[in-house]
Colleague: 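Take this structure first; my questions come after.
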Amino acid sequence: MSSGQPTVRLCHLYPDHLNIYADRGNIAVFQRRLEWRARSLDVVEVGLGDPIPSDCHLYYLGGGQDRDQMLVAEDLVQKADPLRHAAHDGAVVLGVCGGYQLLGHGYSGADGRPMPGIGLLDLETTAGSSRLIGDVVLDATLGGRTRTVVGYENHAGRTHLGGGCTPLGHVRQGHGNNGDDRCEGAVAGRCLGTYLHGPLLPKNPWLADTLLGWALEHAGFGVDLEPLDDEIEAAAHGAAATRAGRRR
Ligand code: GLN
């Protein structure tokens, strides 16, 4: 779009393979929340064999089944340098579930076969013998602020963080990274991974705006995002939190 509006460029990695639970909805949230503020989003879709641009402000990697992750993992590792450079320069990276696992050092799937990761996040994942499924509520801390984040998880992977990243949050309800340490997700600089699908951002507008603020800052447009009327989003957030409470 060349409307003269401040534009955020988003690289959507593997939209055809990593899009379980309609994770594509997260992109729609980025788009609408920018448009409501007279800004815009340009989306570059990158599939198998396509090069990754290094000049995007936001990179997005959704979730997928082991089979789909296996298809993309090698391709991603071979061409990840522009993504690493962009992240190093301050671009925002968001990985959800399968995408989160591939941002780490690697994922050993349910059949035991190892998949390489790109090491943007200092973490390792190994599939367990059961799946960790259900609604999740966590206290997430980003940019010095702690808020409740809600979502849904469905993963076999057990993720353990190294010293190079911190958890996104503390699990109040649900399983989180591995079902043991009550931690969920990982953050290193502006690179963030989480197991929460659902999709994640429609129910967590604070998280969407935090990431958009970072992306706008990286794009050179300043971070001030005027508040929106988030009544519907707050209701969705509340409903997810209530449902998680009932399933305890
Ligand atoms: N295949 C991965 C796992 O089972 C990721 C699942 C997902 O993205 N929902 O852990």
Side-chain angles (χ1 to χ4, degrees), residues 11-23 26 46-50 52 59-84 87 93-136 138 140 151-171 174-189 191-200:
C11 175
H12 188 180
L13 290 151
Y14 308 109
D16 296 334
H17 291 94
L18 299 181
N19 185 33
I20 206 168
Y21 295 119
D23 284 336
N26 290 324
V46 168
L48 287 174
D50 301 333
I52 299 178
Y59 292 80
Y60 181 75
L61 202 53
Q65 299 184 13
D66 284 17
R67 188 181 55 238
D68 292 311
Q69 287 175 276
M70 187 61 90
L71 281 173
V72 306
E74 203 66 57
D75 183 74
L76 178 62
V77 166
Q78 276 167 25
K79 65 189 190 188
D81 275 351
L83 170 56
R84 287 199 194 90
V93 183
L94 174 61
V96 172
C97 203
Y100 167 38
Q101 295 167 344
L102 295 182
L103 290 178
H105 300 301
Y107 170 46
S108 194
D111 65 2
R113 282 197 289 169
M115 301 173 215
I118 60 172
L120 266 185
L121 290 171
D122 180 18
L123 53 90
E124 289 276 358
T125 306
T126 304
S129 54
S130 61
R131 299 193 71 80
L132 304 179
I133 301 174
D135 295 294
V136 186
L138 55 127
Y152 183 80
E153 63 183 334
N154 182 352
H155 52 107
R158 271 55 168 177
T159 296
H160 291 93
L161 309 193
C165 56
T166 53
L168 168 63
H170 248 83
V171 174
H175 302 285
N177 281 338
N178 47 56
D180 290 329
D181 64 14
R182 311 302 296 160
C183 291
E184 206 296 311
V187 185
C191 180
L192 188 151
T194 175
Y195 272 114
L196 302 195
H197 294 276
L200 168 72

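Since the model is a prediction, treat every value here as computed from it, not as a measurement.
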Colleague: To the nearest 0.5 Å, tell me how far S108 OG sits from M115 CE.
Modeller: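 That separation rounds to 8.0 Å.
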Colleague: Measure from the side-chain N and O atoms of D122 to the backbone N and O of G163, and report whether any donor-acceptor pair falls under 3.5 Å.
Modeller: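 Yes, because the side chain of D122 sits within donor-acceptor range (under 3.5 Å) of the backbone of G163.
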Colleague: Using the side chain to side chain contact (heavy atoms under 4.5 Å, CB included) criterion, which residues pair with I133? Sequence neighbours excluded.
Modeller: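 Side chain to side chain contact (heavy atoms under 4.5 Å, CB included) check on I133 returns R131, Y152, N154.
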Colleague: Looking at L61, I20, D23, which one forms a side-chain contact (heavy atoms from CB on, under 4.5 Å) with V96?
Modeller: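 Of L61, I20, D23, side-chain contact (heavy atoms from CB on, under 4.5 Å) with V96 is met by D23 alone.
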Colleague: For a quick test of reading the model, state the closest non-hydrogen atom pair linking L121 to G193 and the distance between them.
Modeller: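 It is CD1-N, 3.9 Å.
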Colleague: Could you pull out the closest heavy-atom pair between L138 and G169, with the gap in Å?
Modeller: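 Smallest heavy-atom distance, with atoms named: CD1-CA, 3.7 Å.
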Colleague: With no hydrogens and no angle check, is any side-chain donor or acceptor of Q101 less than 3.5 Å from a backbone partner on Y107?
Modeller: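 The answer is no, because no donor-acceptor pair under 3.5 Å joins these two groups.
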Colleague: To the nearest 0.5 angstrom, please state how far the OH atom of Y100 sits from the CG atom of L168.
Modeller: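 Output value for this atom pair is 8.5 Å.
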Colleague: What's the verdict on side chain to side chain contact (heavy atoms under 4.5 Å, CB included) for L18 and Q69, showing C-alpha distance, side-chain angles and the deciding distance?
Modeller: CA-CA 7 Å; L18 299 181; Q69 287 175 276; 4.2 Å; yes
Colleague: Nearest heavy-atom pair of P167 and C183: which atoms, and what distance?
Modeller: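 Closest approach of P167 to C183, heavy atoms only: CG-SG, 3.6 Å.
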Colleague: Find the distance between NE2 (H175) and CZ (R158) and round it off to the nearest 0.5 Å.
Modeller: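 Answer rounded to 0.5 Å: 8.5 Å.
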Colleague: Apply side chain to side chain contact (heavy atoms under 4.5 Å, CB included) to P114 and list each qualifying residue two or more places apart in sequence or on a separate chain.
Modeller: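 Applying side chain to side chain contact (heavy atoms under 4.5 Å, CB included) to P114 gives none.
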Colleague: Hey, are N177 and H160 close enough side-chain-wise for a donor-acceptor pair under 3.5 Å?
Modeller: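 Short answer, no.
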Colleague: Where do Y14 and D75 land on the side chain to side chain contact (heavy atoms under 4.5 Å, CB included) test, with the steps shown first?
Modeller: CA-CA 10 Å; Y14 308 109; D75 183 74; 2.6 Å; yes
Colleague: Kindly give the heavy-atom pair with the smallest separation between G63 and C97, and that separation in Å.
Modeller: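 In this case the closest contact between G63 and C97 is CA-CB, 4.3 Å.
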Colleague: Nearest 0.5 Å please: distance from the CG atom of L200 over to the OH atom of Y195.
Modeller: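 One finds 14.5 Å between CG of L200 and OH of Y195.
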Colleague: What is the distance from atom CG of N178 to atom OG1 of T125, rounded to the nearest 0.5 Å?
Modeller: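 That separation rounds to 9.5 Å.
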Colleague: How many angstroms lie between atom CD of E153 and atom OH of Y21, to the nearest 0.5 angstrom?
Modeller: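 One gets 10.0 Å once the value is rounded to the nearest 0.5 Å.
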Colleague: Between Y60 and L94, is the side chain to side chain contact (heavy atoms under 4.5 Å, CB included) condition met? List the steps.
Modeller: CA-CA 5 Å; Y60 181 75; L94 174 61; 3.7 Å; yes
Colleague: Okay, side chain of D66, backbone of G109: is any donor-acceptor separation there less than 3.5 Å?
Modeller: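 Side chain of D66 to backbone of G109: no pair is present.
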Colleague: Can you check whether I118's main-chain N or O pairs, donor with acceptor, with R84's side chain at less than 3.5 Å?
Modeller: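 It does hold such a pair.
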Colleague: Given 3.5 Å as the limit, does a donor-acceptor pair link the side chain of R182 with the main chain of D180, or not?
Modeller: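 It does not hold such a pair.
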Colleague: Minimum heavy-atom separation for P116 and E74, please, with both atom names.
Modeller: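 Heavy atoms of P116 and E74 come nearest at CG-OE1, 3.9 Å.
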Colleague: Looking only at non-hydrogen atoms, find the nearest pair between H105 and G119 and report the distance.
Modeller: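 In this case the closest contact between H105 and G119 is ND1-CA, 3.8 Å.
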